[in-house]
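Report on the structure given below.
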Amino acid sequence: MKPDDDPTADFLDAVRAEETPWRQDRPVGELAPERAERPERWGRTRAAGRAAAQAAPYLQAAALVAWLASGAFDDGSGDQSG
């Protein structure tokens, strides 16, 4: 195959030569339209996830303190037979 017979290059040249409709319809100095705002489908779920992520370090610290306190206040009078 000769270097001039590159089907990929031919395809890309053909694609680059095509003008997309939005480029043809828009006048030369006009900006692209703004994206339409879509309603947030998962707004509450995301808010709850963010709140949980922000609270996670505090919950971990509280669990660690509770675990340490449970060990510190253990008087050793557990059910040990021996």
note = side-chain contact (heavy atoms from CB on, under 4.5 Å) filter on T8, not counting sequence neighbours, yields D6, L12

request  = Under 4.5 Å between side-chain heavy atoms, chaining through other members, with only Ile, Leu, Val, Met, Phe, Trp and Tyr counted: pull out the rest of the cluster around L68, sorted by chain and number.
outcome  =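 Under the 4.5 Å side-chain rule, L68 groups with L64, W67.
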
request  = Please report the closest heavy-atom contact between P57 and A53, naming both atoms and the distance.
outcome  =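 Looking at all heavy atoms of both residues, the shortest contact is CD-O, 3.6 Å.
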
note = Rounded to the nearest 0.5 Å, the CZ atom of R50 sits from the CD atom of Q54 at a distance of 8.5 Å

